[in-house]
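Side chains are part of it too, since the values below use all heavy atoms of this structure and drop only hydrogens, waters and symmetry mates. Below, chain A is the first sequence line, B the second, and so on; all start at residue 1.
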Amino acid sequence: MILAIPRGRVASYGEIAARADLPRRARLVGRVLREAGEDMTLPWHRVVRADGCLAFAPDSAEFIEQRLRLSRENVEVRGRRVDMDRFGWQRDLDAELWAPDA
DNA sequence: AGTATGACATATA
DNA sequence: ATATATGCCATAC
């Protein structure tokens, strides 16, 4: 599913789990990503926590990596979190907030 | 089997 | 905003 996350957006573990027919399996997603970290080809950097915070400590190399990748994907990382209201994948209000049909 | 921990989420104070 | 508590599923000891 992570493969389905559009470029320039981020999805929370819970959202991904839900889309994968796995409600309450957010941690499973995290676990899978951790396992995949060994040989990953997935856009893991587009996966953040429900509140937009990156899953790593702000001083962690992974945090920096993810933040860098996200910024490269046009996603602004404010301090230690991303604006889910703007870059959130499931968010559809974006269309009205940032892409008004008018 | 029971306890502890984890790239998590939600509720409450 | 942070701290706690509970739920959740899978692993590790």
Side-chain angles (χ1 to χ4, degrees):
Chain A
M1 291 328 280
I2 300 176
L3 295 172
I5 303 176
R7 184 172 179 280
R9 290 195 213 175
V10 297
S12 69
Y13 296 88
E15 301 279 67
I16 295 170
R19 278 185 76 100
D21 299 304
L22 300 173
R24 317 311 184 261
R25 272 58 167 189
R27 309 183 101 155
L28 286 294
V29 178
R31 197 185 79 75
V32 170
L33 283 176
R34 187 179 58 166
E35 293 281 308
E38 299 298 295
D39 182 58
M40 164 209 319
T41 60
L42 302 170
W44 59 275
H45 53 270
R46 296 184 188 146
V47 185
V48 297
R49 289 187 3 190
D51 52 345
C53 289
L54 302 191
F56 300 101
D59 58 327
S60 178
E62 291 291 69
F63 176 91
I64 298 172
E65 177 70 11
Q66 184 170 18
R67 190 173 63 173
L68 176 64
R69 285 171 175 262
L70 287 175
S71 61
R72 191 192 310 170
E73 298 285 316
N74 311 329
V75 178
E76 299 176 20
V77 180
R78 307 175 67 191
R80 50 172 152 291
R81 53 185 294 173
V82 178
D83 299 69
M84 295 300 283
D85 295 330
R86 294 169 56 187
F87 305 103
W89 182 26
Q90 305 283 276
R91 66 106 182 74
D92 50 289
L93 56 160
D94 156 57
E96 301 187 48
L97 290 174
W98 291 81
D101 49 2

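Backbone-only engagement by Arg25(A) is indicated by non-hydrogen atom pairs under 4.0 Å involving sugar-phosphate atoms exclusively.
In this structure Glu15(A) satisfies the salt bridge (Lys or Arg N to Asp or Glu O under 4.0 Å) test with no other residue, sequence neighbours excluded. Applying the salt bridge (Lys or Arg N to Asp or Glu O under 4.0 Å) test to Arg27(A) and every residue at least two apart in sequence or in another chain returns nothing. Applying the salt bridge (Lys or Arg N to Asp or Glu O under 4.0 Å) test to Glu76(A) and every residue at least two apart in sequence or in another chain returns Arg86(A).
Considering only heavy atoms from C-beta on, Cys53(A) stays 4.5 Å or farther from Val48(A) through its side chain.
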| request: Toss me the dot-bracket line for DNA chain C: Watson-Crick and G-U wobble, both under 3.5 Å, 5' to 3', using | for pairs to another strand and [ ] for crossers. | output: .||||||.|||||

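Where DNA chain B meets chain A (any atom under 4.0 Å from a heavy atom), the bounding nucleotides read 5' to 3' are dG6(B) to dT10(B).
Under a 3.5 Å cut-off, the side chain of Arg25(A) and the backbone N or O of Pro23(A) do form a donor-acceptor pair.
Nearest-nucleotide positions on DNA chain C for Arg27(A) and Arg81(A) put Arg81(A) closer to the 5' end.
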| Working for salt bridge (charged side-chain N to carboxylate O under 4.0 Å, His left out), residues Asp51(A) and Arg81(A) | CA-CA 8 Å; Asp51(A) 52 345; Arg81(A) 53 185 294 173; 5.3 Å; no

Can I get a per-line list of side-chain donor-acceptor pairs under 3.5 Å for residues 65-72 of chain A, giving both atom names and the distance, sequence neighbours left out?
from, atom 1, to, atom 2, distance (Å)
Glu65(A), OE2, Arg69(A), NE, 2.9
Gln66(A), NE2, His45(A), O, 3.0
Gln66(A), NE2, Val47(A), O, 2.8
Arg69(A), NH1, His45(A), ND1, 3.4
Ser71(A), OG, Arg67(A), O, 3.2
Ser71(A), OG, Leu68(A), O, 2.5

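For the pair Arg31(A) CZ and dA12(C) C1', the computed distance is 12 Å after rounding to whole Å.
The environment of CZ in Arg78(A) is sparse: at most 12 heavy-atom neighbours from other residues, nucleotides or ligands sit within 6.0 Å.
Between the P atoms of dC8(C) and dT12(B), the separation comes to 16 Å (whole Å).
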